[in-house]
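We number each residue from 1, following the sequence as shown. Note: hydrogens, waters and symmetry copies are ignored here, and every other heavy atom, side chains too, is used.
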Amino acid sequence: MLALRHCHNIADIRQRARRKLPKPMFDYIDGGSDDEWSLRRNTRAFDEWELIPNHLQNVGSIELKTPLLGTTIDLPFFM
């Protein structure tokens with residue numbers, strides 16, 4: 001079984017979940033639960049995003065601080 005630290009993408013996490021969870025539970029969650037409305041809506045929302053690389057940008061001074069819920073965090077990553 002893949003250790004979580006060896007999961008590098010969504011496919012790895014799905015594979016781990018499939019092996020770890022009981023089949024009915026995995027199928028329910030993976031299938032978008034009930035009417036799959038959330039699954040379709042989330043997929044559609046992510047389809048609207050594009051990652052556009054910025055080439056030849058000045059990186060001499062990078063500031064990663066960002067406001068979040070009324071406070072400033074040093075890095076824009078959190079769980």
Side-chain angles (χ1 to χ4, degrees):
M1 179 182 309
L2 283 174
L4 197 53
R5 68 178 175 275
H6 297 298
C7 293
H8 302 291
N9 55 41
I10 296 298
D12 292 344
I13 294 170
R14 266 186 88 235
Q15 180 182 11
R16 179 176 164 82
R18 179 176 287 139
R19 291 179 179 169
K20 191 88 172 161
L21 295 171
K23 183 173 175 26
M25 184 182 291
F26 174 80
D27 290 342
Y28 179 79
I29 294 168
D30 188 57
S33 357
D34 293 333
D35 60 5
E36 299 182 3
W37 178 83
S38 296
L39 178 64
R40 286 191 306 272
R41 191 165 181 212
N42 289 340
T43 301
R44 189 171 43 247
F46 278 106
D47 286 344
E48 294 174 6
W49 282 85
E50 291 183 36
L51 298 177
I52 302 171
N54 291 324
H55 300 285
L56 303 175
Q57 298 292 315
N58 180 6
V59 294
S61 175
I62 301 281
E63 179 62 58
L64 297 177
K65 291 182 181 178
T66 188
L68 177 69
L69 303 173
T71 188
T72 300
I73 57 174
D74 293 331
L75 284 172
F77 306 109
F78 64 95
M79 289 283 184

Residues forming a side-chain contact (heavy atoms from CB on, under 4.5 Å) with Leu69, sequence neighbours excluded: none

Who are the side chain to side chain donor-acceptor pair (under 3.5 Å) partners of Lys65, not counting sequence neighbours? none

Minimum heavy-atom separation for Arg16 and Ala3, please, with both atom names. NH1-CA, 3.9 Å

Looking at CZ of Phe26 and CZ of Arg14, how far apart are the two atoms once the value is rounded to the nearest 0.5 Å? 4.5 Å

Has Ile10 got more than 12 heavy atoms of other residues, nucleotides or ligands less than 6.0 Å from its CD1? no

Using modelled atom types only, decide if a donor and an acceptor are shared between the side chain of Asp12 and the backbone of His8 within a distance under 3.5 Å. yes

Spacing of CG belonging to Leu68 relative to CD1 belonging to Ile73, to within rounding of 0.5 Å: 4.5 Å

Output the distance between atom CD1 (Ile29) and atom CZ (Arg18), rounded to the nearest 0.5 Å. 12.5 Å

Nearest 0.5 angstrom please: Lys23 NZ to Asp30 CG, how far? 9.5 Å

Arg41: partners by salt bridge (charged side-chain N to carboxylate O under 4.0 Å, His left out), with sequence neighbours left out: none

